[in-house]
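Here is the structure we will look at.
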There are 2 protein chains.
Amino acid sequence: MTDGSVRRGRKPVISRERVLDAAADALANAGADSISLRAIARSLGVVSSAIYRHYSSRDELLTDLIVQTHASLGEHVTRAEASVASSDTRERFAVIVRSTRAWAGQNPHRYALIYGTPVPGYRAPQSILEPAAVVGSLIARVIADAAASGGTLPADPARDAAAPAFVPLAEAFGLEPELAPAVAEGVAVWSQLFGHLSFELFGHYVGVVDDVDAYTEFLIADMSRRLGLSRPAERSQG
Amino acid sequence: MTDGSVRRGRKPVISRERVLDAAADALANAGADSISLRAIARSLGVVSSAIYRHYSSRDELLTDLIVQTHASLGEHVTRAEASVASSDTRERFAVIVRSTRAWAGQNPHRYALIYGTPVPGYRAPQSILEPAAVVGSLIARVIADAAASGGTLPADPARDAAAPAFVPLAEAFGLEPELAPAVAEGVAVWSQLFGHLSFELFGHYVGVVDDVDAYTEFLIADMSRRLGLSRPAERSQG
DNA sequence: GTATCTCAAGAGCGGTGCTCACTAATACTT
DNA sequence: AAGTATTAGTGAGCACCGCTCTTGAGATAC
């Protein structure tokens, strides 16, 4: 194989990748509950037990799917954010929110897989932590850039009191300890963002929020204010 | 039966209530995926098809379970909030948040049932909307009482711009249209609260927020400020 | 040409939701 | 008291699920 030893037996007709792709298709079309090994095997023209040569259990397949899904969301949002002038932290944050929401709206089942109820008996392995942090770390970078260009957070004693606990997280993102209050607020914004998206996608806004597009823009404004983000024009004016 | 007509056939050994209770037990112990009609029937000493005399499908049972679960959360939070002096809107809100979180922590599977991924193919019937609104309407009442006792929201043009869309919701809660901005902020707080709880329960805070108790208190302070809530002492001083 | 290794096939276990013909049990009618 | 209508639980069965294990097909190494 890749390590110099030559593969000996029968040629595989399916691979880990092909199984994963088939699972991703099933997920996109019908939700996590319809990801059955038997249906995947059927779609690959193979018998169900053949899957077990490549995945030892359905959970292992789901884990790969979760990692892949986090990566997909991360790529989508990273690409969208890269198209905004880096000095416009306010717009960068807005684009992070809008593109996350757009991805979720286009991939509701994939969103539910990573931000809905965890699959029973499933514990997130270390391999998930990094890709899962993409949106959060994009927010962290916006916070850092805003601070570097002179942005300041609105006064909030409670936030500053909570800040010391976020020094390690700030350091994990490569930020100065002085940014811990901003990181604390960033975590609040981060969980609020996904709370908002989950409420929208899971139907909790029915009869409560009609125009979710407009409401999202309000939330962006609200969260930007709390993070001390502003447009370059605003700063030069104020 | 209750309507004058007399029941004719064989006496039922199970009832809708007994089935629902058995399902609630299964849910509390092992999560929604383990709520199987066969297991419930087994625990009731009856054959699985007997359930269908009382519930036409598993989905119908889950719907009842969701309604019951919303009611349970609503009662828990309502009772907790009732023990706080009604003039202390800040503390009332804090107790709403803390008791919601406490209920969620004690009933993780029940929480996941109502705030996690919706069960596939499931559409919330009208019967769910009212009980699902309990926490939201408690927040609305706090907002109204805070406004009635002279509390004001911090200035926020974006929120006021979004407010007109929330006039109908304010009216649905029996509030004046002038409170629409507060309602808009209330909805944001409401979804943020459940975003926070979902992140905690679904494991997204692992490696990010260590002391969730303390972090929740920060969020309470942050959200209270945005809602213009204050303690009576603070108002008389300021 | 045989031994060895690899992979898929296929049967099978126990689980699921759900349907349907059947029967036991009850109450009203004759 | 006998018969009938009505109701509820039984049990067999269908199609699906995850998973295991034995078997045989295919490819390389010796």
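On a predicted model such as this, the values are computed, not experimentally measured, just so you know. Just so it is clear: chains get the letters A, B, ... in the order the sequence lines come, proteins before strands, and each one is counted from 1.
Following rounding to the nearest Å, B:Asp33 (CG) and C:dG17 (P) show an atom-to-atom distance of 11 Å. B:Arg10 places its CZ atom 9 Å from the C1' atom of D:dT7, with the value rounded to the nearest Å. Per the geometry, CG belonging to B:Leu62 stands 14 Å off C1' belonging to C:dT16, to the nearest Å. One can place CZ of A:Arg58 at 8 Å from P of D:dC19, the figure rounded to the nearest angstrom. Going from atom NZ of B:Lys11 over to atom C1' of C:dC28 covers 16 Å, rounded to whole Å. One can place CD1 of B:Ile14 at 12 Å from C1' of D:dT10, the figure rounded to the nearest angstrom. For the pair B:Arg16 CZ and D:dA8 P, the interatomic distance rounds to 13 Å; values are reported in whole Å. One can place CD1 of A:Ile40 at 14 Å from C1' of D:dC19, the figure rounded to the nearest angstrom.
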Item to check | Verdict with supporting geometry, B:Ser57 and B:Tyr52, side chain to side chain donor-acceptor pair (under 3.5 Å) | outcome: CA-CA 7 Å; B:Ser57 70; B:Tyr52 287 85; over 6 Å; no
Item to check | Derivation and outcome, ring pair (Phe, Tyr, Trp, His ring centres under 6.0 Å), residues B:His204 and A:Phe194 | outcome: CA-CA 11 Å; B:His204 298 291; A:Phe194 287 101; 7.7 Å; no
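Under 4.0 angstrom from either OP1 or OP2 of D:dC17 there lies at least one side-chain N or O belonging to A:Arg42.
Considering every non-hydrogen atom in both A:Val187 and A:Phe166, the closest pair reads CG2-CE2, 3.9 Å. Nearest heavy atoms, B:Ser198 versus B:Tyr111: OG-OH, 2.8 Å.
Screening A:His76, A:Arg98, A:Arg141, A:Arg92 for a side chain to side chain donor-acceptor pair (under 3.5 Å) with A:Glu81, the sole residue that qualifies is A:Arg92.
Checked by atom type, the side-chain pair B:Tyr115/A:Thr117 shows no donor-acceptor distance below 3.5 Å. For B:Asp64 and B:Tyr55, the side-chain atoms include at least one donor-acceptor pair closer than 3.5 Å.
Side chain B:Arg38 to base C:dG15: no donor-acceptor pair is found below 3.5 Å. For A:Arg8 and D:dT28, a side-chain-to-base donor-acceptor distance below 3.5 Å is present, hydrogens and geometry of angles not being considered.
Listed nucleotides C:dT6, C:dA24, D:dG18 differ in distance to A:Ser36; the shortest reach to its side chain belongs to D:dG18.
Within residues 43-56 of chain B, the residues approached by DNA chain C to less than 4.0 Å at the level of any non-hydrogen atom are B:Ser48, B:Ser49, B:Tyr52, in residue-number order.
In terms of modelled atom types and a separation under 3.5 Å, the side chain of B:Ser36 and the main chain of B:Ala39 share a donor-acceptor contact.
Mapping A:Leu37 and B:Pro12 onto DNA chain D by nearest heavy atom places B:Pro12 closer to the 5' end of the strand.
One axis for each end of the helix from C:dG1-D:dC30 to C:dT30-D:dA1, each built from five base pairs, and the angle between them comes to 30° at 10° resolution.
A salt bridge links B:Glu60 with B:Arg16: the closest approach of a Lys/Arg side-chain nitrogen to an acidic carboxylate oxygen falls below 4.0 angstrom.
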